[in-house]
Visitor: 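Structure in structure tokens, see below.
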Number of protein chains: 2
Amino acid sequence: MEAVPQAVPLPLAFADGVFPAGCPSRTLLDHITSKWGVLILIALSEGEQRWSDLRRRAEGISEKMLAQTLKTLERDGLVSRNAQPVIPPRVDYSLTERGYELSGLLVPLVAWAFENAEDIINSSR
Amino acid sequence: MEAVPQAVPLPLAFADGVFPAGCPSRTLLDHITSKWGVLILIALSEGEQRWSDLRRRAEGISEKMLAQTLKTLERDGLVSRNAQPVIPPRVDYSLTERGYELSGLLVPLVAWAFENAEDIINSSR
DNA sequence: TCACTAGCTTACCTAAAGGTCAGTACCTTA
DNA sequence: TAAGGTACTGACCTTTAGGTAAGCTAGTGA
């Protein structure tokens, strides 16, 4: 495991101090990178899905956390909710334009994690 | 806030179920997307830095969390630690090759968050 | 002799994230 | 008549992430 001397250029905005402590980006980043936030965004990057689909796809999520996470992402304007007044209820969730912008950056990251995870986690203990 | 009908193609690997619950990628993702993990990786993407530099750049981090986060990232082979046997001690941290690979994906994400955060967080309450 | 440095570790505690389970509304199917 | 599906909410409890503060090491400068 050798150190490598190159550096990825950083946006000047956070060249010093990464970014300040009370900064809104910290909050947004917390929403996006929360345990279930990532998974929901990734799942939705494939297109509109129902509540029950999301429950299955984000394996292990509780209904409480699904509701909470979706609400946060909706408030942030990343996810849009479409409820149809039918019985039994049917609610579809999808990414907004902004959500797709984000998922375009998130998918490669998660894909990388997926590809490297076994190697990394198993060899690190 | 309109829904948009396009979809980002997902790696087939997690086309179904995003990825399984006990999967190593969940663990790795937790390390990477932890509150301080992201910031440390971003800070190091600019190049080697000392302990005390990192403390300053990741504004608000406690010594305990800095140590813990660095250890995790080191165990995962993303960060390398170079301690010089001098007094007072001097320890440099840098990204490994794998760490740079990752930070190349992480930086655009964080930059996006930085650019959109104010807009999103302020208008969502 | 004392304080001061940098890079930690440890013990203790709090706050927040998250889990479990029960309940609800309304209709359909067995 | 009873059970089941769907999309939730709320109460309550546990687990974990993270904060605070003190201590340690081994030298150097005052």
Visitor: Rounded to whole angstroms, how far apart are CZ on B:Arg55 and C1' on C:dA6?
Guide: 11 Å
Visitor: What is the distance from OH of A:Tyr93 to C1' of D:dT6, rounded to the nearest Å?
Guide: 11 Å
Visitor: Could you tell me whether the side chain of B:Arg26 reaches within less than 4.5 Å of the side chain of A:Leu39, counting heavy atoms only?
Guide: yes
Visitor: Calculate the interatomic distance between A:Arg26 atom CZ and D:dA17 atom C1'; express it in whole Å.
Guide: 16 Å
Visitor: What is the distance, to the nearest angstrom, from the CG atom on B:Leu66 to the P atom on C:dA6?
Guide: 14 Å
Visitor: Separation of B:Asp30 atom CG from D:dA17 atom P, in whole Å?
Guide: 8 Å
Visitor: List the atom of A:Ile121, the atom of B:Pro24, and the distance in Å for their closest heavy-atom pair.
Guide: CG1-O, 3.7 Å
Visitor: Can you measure A:Gln49 atom CD to D:dT6 atom C1' for me and round it to whole angstrom units?
Guide: 16 Å
Visitor: Mind listing the closest non-hydrogen atom pair of A:Leu41 and A:Ser103 along with its distance?
Guide: O-CB, 4.4 Å
Visitor: What's the CD-C1' distance between B:Glu74 and C:dG7, to the nearest Å?
Guide: 14 Å
Visitor: Would you list the pairs meeting salt bridge (charged side-chain N to carboxylate O under 4.0 Å, His left out) in which at least one residue belongs to residues 80-93 of chain B, sequence neighbours left out?
Guide: B:Arg90-B:Asp92
Visitor: For a quick test of reading the model, state the closest non-hydrogen atom pair linking B:Met65 to B:Trp36 and the distance between them.
Guide: CB-CD1, 3.9 Å
Visitor: Yes or no on side-chain contact (heavy atoms from CB on, under 4.5 Å) for B:Val79 and B:Leu95, after CA distance, side-chain angles and deciding distance?
Guide: CA-CA 4 Å; B:Val79 161; B:Leu95 293 181; 4.0 Å; yes
Visitor: Treat primed atoms plus P, OP1 and OP2 as sugar-phosphate and everything else as base, then score nucleotides 14-24 of chain C 5' to 3': B for base contact with protein heavy atoms under 4.0 Å, S for sugar-phosphate contact only, - for none.
Guide: ----BBB----
Visitor: Once each nucleotide of nucleotides 25-30 of chain D is scored for protein heavy atoms under 4.0 Å, what B/S/- sequence comes out, 5' to 3'?
Guide: -BS---
Visitor: Rounded to the nearest Å, what distance is computed from the CD atom of residue B:Gln84 to the P atom of nucleotide C:dG7?
Guide: 10 Å
Visitor: So if I apply the salt bridge (Lys or Arg N to Asp or Glu O under 4.0 Å) rule between A:Asp53 and each of A:Arg56, A:Arg50, A:Arg57, which one comes out positive?
Guide: A:Arg56
Visitor: Verify the contact: side-chain N or O of A:Arg50 to OP1 or OP2 of D:dC8, cut-off strictly under 4.0 Å; return yes or no.
Guide: no
Visitor: Would you say A:Thr96's side chain and A:Leu78's backbone share a donor-acceptor pair under 3.5 angstrom?
Guide: yes
Visitor: What are the two closest heavy atoms between B:Ser25 and A:Ala113, and how far apart are they?
Guide: CB-O, 4.1 Å
